[in-house]
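Below: the structure, in structure tokens.
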Amino acid sequence: MGKPRVIYWFRTDLRLHDSPALQAALDLSPDVLWPIFTWDPHYVYKAKGGVNRWQYLLDCQNDLSKSITKLNPKSKLFVLREGPQTLFPKLFKAWGVTHLVFERDTDTYAKQRDQLVAELARKAGVEVITRYGRTLWDSDEIVAKNGNKPTMSIVQLQHAGQKVGQIPKPIPAPKSLPDPGGTPVDFEPEEPDRDPDLNADFRKHKDKTYSTIAGPKGDFAVETLEELGFPPATTPHRGGETIALTVLGEIIANKKYTATFQKPKTSPAAFEPQATTLLSPHMHFGSLSVRLIYWKVQEVVDGYGKGASTPPESLTGQLLFRDMYFAAQAGIGAPFGQTLNNAYVRFIPWHLPSNTMEDTDIGEGPIAVSGSYRVDSPVAEKWFQRWKYGVTGFPFVDALMRQLRQEGWIHHLGRHLVACFLTRGGCYIHWERGCEVFEEWLIDHEPACNAGNWQWLSCTAFFSQFFRCYSPIAFGKKWDKSGALIRKYVPELKDLDEKYIYEPWKAPPQALAAAKVKIHGDGLHEPREGVYPEPMLDFNERRTVCLNAMKVAYKIGLHGNDEKVKDGSWKKLFEDAGEKEMEGAEIPSDDNGSEADDAEHENHKRKRGTGGRRKSDAVKQGPMDRHVKKTKAAA
DNA sequence: CGAAAAGTTGGTTCT
DNA sequence: CAGAACCAACTTTTC
């Protein structure tokens, strides 16, 4: 056998610093090394991601490619426009590959994809080498040390982490890279299944991807938004390892900020600058190593002496929570992101529940939830649309939701507020609906952290003190009395008196006239200029309803894997307990119900299957990141 | 084992 | 206006 001819497959580790897998590739002393990125059809078509996250990905790829070229002018990031599942067998042969090296991925879809690729490599006689560097500790090792159970609390994670051992120290970036070999692509390209293209609505024109493997110019260049058919991004946040390292450098240069950071004391209303580090999207794309952050911060903390904050509030504490969610995901597996078949999450009969694969007749797989949901209550559906598009009539909620949609990022505590409001603290809508919206819009969207946090905030798992309920009025006021965040993101209210900025429906006519704003309608239909919607619900009333309903649900104590949850007999338990607020029960409302059907244009209707549910229920199609493997149902 | 304390980040009222 | 007491009461961890 000749000298190693190595493909380094970049995926969610778009960096050169502290990459154990890249180090492993270089340790082979390769004759040639191709740094490549493949277009995953799941990412392009099946995962709903707004243009802002795409922009961030392209930023990371462009920066990485430049950094590679700096180390070796003959090399760069070779972007191949075909799915890895079909591309690799052809590539192994055409390029004479001996080794394939990559960083292990974490979520269910990615693990299945990697398993398939490893099998294809084995058949082609290509050796596969993987390393792990996505979290502080290897999540599988954490699970093993936690008694083969998912980590459902930070204490469990900390104890398991101690048993696993010291967090690996960062590996320096390589000083040189081998030449790439030849890159013939004289084989038949294969287009992936584009149906459904969950991003179709966002595209300006049909995407031109997959027409040629090496891209429009045949040079394996990084793709553009134009090529993907997307309009320009709206986010001010930009990606790439160079920026990430600069930002990290600035953070640790401020020793006091770094060493005394206390998350609960950072303001969700701060935006220029924001109160937290905004390193999460860099961690998501792997343009910054979490271990590098950990050790750089720890160094500052060690040198700071008295007064430094400690986990879980401190900066490193935030990283521990991230690891906790990854190890929870690793321990629970495929059902982690859903209620159904998940023994670790409570069953609560929220409105707008997910359809199962059975419900929709689109097959079955390790993921039991189809990505679509049932409209059990027109009022709830309308509340959901108003929440999603930032027209609830509660200015702080709306400011946060609009900031999220425009910029792809909001402060963690802001996420708490809007999540609590949608679920247990207002609308009583299923956390999976909110999880899907975040999945679509967050530039730092991480399946494990997103689902975990939604479970936390809805008191479904990880957290249970449901009587602690965020107020859409009081919570924002505490941080931002003058309403600066509202004035920026809800410009209709920018001139309203401070006294009414959190509750504009209470403003007297003179105050509204002075601010040139009318309080009217539901925000979904009227022109937005000069008009701000009425509050969509009575918060205090709904808070009481939700809290009581949560109490009943906790007492009944069903979990996602209970037979009663699957066969629908849960309903009798709740009815016997005298509970009225639950899936299938219409929400009493003065005027909200009548217009609810109008909101339906936002989503495609999907044909219903035989799930034993009422035929009249409307069905909505949502994102399908968790929708891993669809095979036609046998029957 | 059982009781007590703790748990990343609530709200309101009173001092 | 900062801080404590209270609200009503969950699960996990510690002692």
Side-chain angles (χ1 to χ4, degrees), chain A residues 136 146-147 149-163 260-270 274-277 280 297 301 308-325 327-328 331 343-348 394 396-397 400 410-426 449 452-482 502-503 538-559:
Chain A
L136 298 173
N146 192 46
K149 290 198 167 114
T151 48
M152 300 307 287
S153 76
I154 198 66
V155 172
Q156 287 174 5
L157 185 274
Q158 284 171 309
H159 288 171
Q162 261 172 354
K163 287 186 203 165
T260 65
F261 182 93
Q262 289 176 281
K263 186 63 163 282
K265 292 189 180 165
T266 59
S267 168
Q274 74 288 337
T276 49
T277 65
S280 52
V297 168
V301 170
S309 56
T310 53
E313 292 185 334
S314 63
L315 268 185
T316 54
Q318 307 311 302
L319 305 180
L320 295 177
F321 276 109
R322 181 174 176 275
D323 259 52
M324 177 187 78
Y325 287 132
Y344 289 86
V345 303
R346 284 177 183 283
F347 169 76
I348 294 164
F394 293 92
F396 197 62
V397 173
L400 288 164
I410 54 176
H411 185 281
H412 189 63
L413 292 184
R415 301 181 195 194
H416 277 210
L417 172 70
V418 298
C420 179
F421 184 78
L422 184 73
T423 58
R424 66 183 167 88
C449 301
N453 276 316
W454 274 94
Q455 290 167 18
W456 182 299
L457 264 299
S458 61
C459 290
T460 292
F462 300 102
F463 184 72
S464 50
Q465 290 165 273
F466 53 75
F467 46 88
R468 289 194 179 165
C469 180
Y470 290 84
S471 158
I473 297 142
F475 187 68
K477 252 185 206 170
K478 188 166 79 183
W479 298 102
D480 176 18
K481 194 155 177 296
S482 67
Y502 283 89
E503 299 166 280
D538 181 326
F539 173 68
N540 285 328
E541 192 182 282
R542 287 298 303 175
R543 184 186 173 279
T544 309
V545 168
C546 289
L547 209 139
N548 288 333
M550 290 295 291
K551 214 187 292 184
V552 172
Y554 261 66
K555 201 162 202 175
I556 289 172
L558 293 176
H559 287 75

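Here is how names work: the chains are called A, B, and so on, in the same order as the sequence lines, proteins then strands, and each is numbered from 1.
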In whole Å, I'd like the distance from the NZ atom of A:K149 to the C1' atom of C:dT12. 13 Å
Which base sits across from C:dA9 as a Watson-Crick or G-U pair, both distances under 3.5 Å? none
Separation of atom NE2 in A:H416 from atom C1' in B:dT9, rounded to whole Å: 7 Å
Mind checking if A:L547 touches a base, just sugar-phosphate, or nothing, with heavy atoms under 4.0 Å? nothing
How about A:W454 and A:T423: do any of their side-chain heavy atoms sit closer than 4.5 Å? yes
Rounded to whole Å, please give me the gap between CE in A:M550 and P in C:dC10. 11 Å
Report yes if at least one side-chain N or O of A:Q465 is closer than 4.0 Å to OP1 or OP2 of B:dA6; otherwise report no. no
Quick check: do A:Y344 and A:Q455 have side-chain heavy atoms less than 4.5 Å from each other? no
Is A:K478 near enough to B:dG11 that one of its side-chain N or O atoms lies under 4.0 angstrom from OP1 or OP2? yes
Taking OP1 and OP2 of C:dT13, is either one under 4.0 Å from a side-chain nitrogen or oxygen of A:S153? yes
Identified pairing partner of B:dT8, criterion: Watson-Crick or G-U wobble below 3.5 Å: none
Sticking with atom P, work out how far C:dC15 lies from B:dT8, rounded to a whole angstrom. 15 Å
Rounding to the closest angstrom, what is the interatomic distance between B:dA6 and C:dA8 at atom P? 23 Å
Can you tell me how far apart CZ (A:F261) and OG1 (A:T316) are? Round to the nearest 0.5 Å. 10.5 Å
Please measure how far the P atom in B:dG7 lies from the corresponding atom in C:dA9, and state the result in whole Å. 22 Å
Pick from A:P312, A:S314, A:P311: which one makes a side-chain contact (heavy atoms from CB on, under 4.5 Å) with A:L320? A:P311
Separation of A:H559 atom NE2 from C:dT11 atom C1', in whole Å? 10 Å
State which of B:dT8, C:dT11, C:dT14 makes the closest approach to the side chain of A:H159. C:dT14
B:dG11 to C:dT11 separation - P atoms, rounded to the nearest Å: 22 Å
Just how far, in rounded Å, is C1' of B:dG7 from CZ of A:F467? 10 Å
How long is the span from the OH atom in A:Y470 to the NZ atom in A:K478, to the nearest 0.5 Å? 7.5 Å
Same-atom distance (P) from B:dC1 to C:dC10, integer angstrom: 23 Å
What is the distance from CG of A:L417 to C1' of B:dT8, rounded to the nearest Å? 17 Å
Separation of atom CG in A:N540 from atom C1' in B:dG10, rounded to whole Å: 13 Å
Is there a side-chain contact between A:R424 and A:L457 in this structure, where contact means two heavy atoms from C-beta onward sitting under 4.5 Å apart? yes
Between the base of C:dC10 and the ring of A:F466 - centre-to-centre under 5.5 Å, planes within under 30° - is that a stack? no
A:Y554 vs A:R468, nearer the 5' end of DNA chain C by closest nucleotide: A:R468
Expressed as a whole number of Å, how far does the P atom of B:dA5 sit from that of C:dA5? 15 Å
When you measure from the side-chain N and O atoms of A:R346 to the phosphate of C:dT11, is any distance below 4.0 Å, counting only OP1 and OP2? yes
